[in-house]
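Structure first, commentary second.
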Protein chains: 2
Amino acid sequence: MAQSNPPFMSGVPELLLLRLLDQSEMYGYELVRSIKTATGEAISLGEGVIYPVLHSLERNGALKSRRKAVGGRTRVYYSLTAKGRQRLDKLRNEWHRVQGGVASALAAGGHA
Amino acid sequence: MAQSNPPFMSGVPELLLLRLLDQSEMYGYELVRSIKTATGEAISLGEGVIYPVLHSLERNGALKSRRKAVGGRTRVYYSLTAKGRQRLDKLRNEWHRVQGGVASALAAGGHA
DNA sequence: GCAGGATACCTCGAACTAAAAGGTATTACA
DNA sequence: TGTAATACCTTTTAGTTCGAGGTATCCTGC
């Protein structure tokens, strides 16, 4: 039956998106740049990552969107729903768990 | 030509393996359990993950192995080469970068 | 007036990783 | 004798992320 859990360390893009959108409403193109700056250039996610995640989060009811015309162009602004805030908490905890686990493993026994 | 870089956050299994093997020689089946305990149960990787990584690291010259018969069963012990130590350093740095990036993003602006 | 770059949206295909399950063989123990 | 644990391994499947491509508008410089 091969019913596979998601990779133990995925969902970081999702976590970052939710985190940023929790602070303020944003649109996709903006998020692409925000992720870069918010992570101090450490992480850079392309549009091919951002948009699909945005759409799937909206389908799941974690995000809601509204279109806004700005200077002739249309932007789609996303913001968190209650469900999205729950999801954010969950992913944040997941992350801390994993991050802590790796830290333990790296720390153990000083280093030779 | 669609020449894709590895996902920005992969190589954690590899990092853990190298880290443990840097501390002491170990065999595959043992590593499966060690990863679990070393990460405080936070991360659990099956044999289907461990063995392929071990083999590919050996092919790349990052690990060397020796067979040892223990009580009728054969164990394959792996240990780091100089190249493996370099690889470990590199992955450790990568991890710190990414981990730091996520931390920045999560910390920014306190929270609401 | 038009070329080029930035803004803004989106999707598809390929690549890669990791998960789960299955396969072999030996030892230990009940 | 049969079941669980040890120890190795591979193959199949699933899931994520990457890169590139595609459309359209706006602004700037020439």
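Everything quoted here is computed from the prediction, not taken from an experiment.
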_Whole angstrom value for the distance that separates C1' of D:dT16 from CD of A:E94_ = 16 Å
*Residues two or more places apart in sequence or in another chain: which of them pass side-chain contact (heavy atoms from CB on, under 4.5 Å) with B:P13?*
A:F8, B:L45, B:V49
_Test log, rule side-chain contact (heavy atoms from CB on, under 4.5 Å), inputs A:Q23 and A:L20_ = CA-CA 5 Å; A:Q23 297 184 100; A:L20 291 175; 3.6 Å; yes
*Would you please name every residue forming a side-chain contact (heavy atoms from CB on, under 4.5 Å) with B:A62, sequence neighbours left out?*
B:L57
*With sequence neighbours excluded, what pairs up with B:N60 under the side-chain hydrogen bond (donor to acceptor under 3.5 Å, both in side chains) test?*
none
*With B:K90 via side-chain contact (heavy atoms from CB on, under 4.5 Å) - residues at least two apart*: B:R87
*Using a heavy-atom distance cut-off of less than 4.0 Å, which residues of residues 24-42 of chain B contact DNA chain D?*
B:Y27, B:G28, B:Y29, B:R33
*What residues in residues 45-54 of chain A put a non-hydrogen atom under 4.0 Å from any atom of DNA chain D?*
A:L45, A:G48, A:V49
*ring pair (Phe, Tyr, Trp, His ring centres under 6.0 Å): which pairs involve residues 62-92 of chain A, sequence neighbours left out?*
A:Y27-A:Y77
*Give a yes/no on whether any side-chain N or O of B:N5 is located under 4.0 angstrom from OP1 or OP2 of D:dT17.*
no
Taking only distance into account, with no hydrogens and no angle test, what donor-acceptor pairs under 3.5 Å do side-chain atoms of residues 95-105 of chain A form with protein atoms, sequence neighbours excluded?
unit_1: A:H96; atom_1: ND1; unit_2: A:R92; atom_2: O; d: 3.3
unit_1: A:R97; atom_1: NH2; unit_2: B:A42; atom_2: O; d: 3.2
unit_1: A:S104; atom_1: OG; unit_2: A:G100; atom_2: O; d: 3.1

_B:H55 side-chain N/O to D:dT10 phosphate OP1/OP2 under 4.0 Å_ = yes
*asked:* What is the distance, to the nearest angstrom, from the CG atom on A:L17 to the P atom on D:dT17?
replied: 10 Å
_Where at least one partner belongs to residues 56-79 of chain A, residue pairs that pass salt bridge (charged side-chain N to carboxylate O under 4.0 Å, His left out), sequence neighbours excluded_ = A:E25-A:R66
*Spacing of B:I43 atom CD1 relative to C:dT17 atom C1', expressed in whole Å*: 15 Å
*asked:* My understanding is that only residues two or more places apart in sequence, or in another chain, count here; which of them pass salt bridge (Lys or Arg N to Asp or Glu O under 4.0 Å) with B:R33?
replied: none
*Set of side-chain contact (heavy atoms from CB on, under 4.5 Å) partners for B:E47, sequence neighbours left out*: B:Y29, B:V32, B:Y51
*Applying the side chain to side chain contact (heavy atoms under 4.5 Å, CB included) test to A:L17, which of A:V12, A:I35, A:L63 qualifies?*
A:I35
*So which of residues 63-76 of chain B are in contact with DNA chain D, with a heavy-atom cut-off of under 4.0 Å?*
B:R73, B:T74, B:R75, B:V76
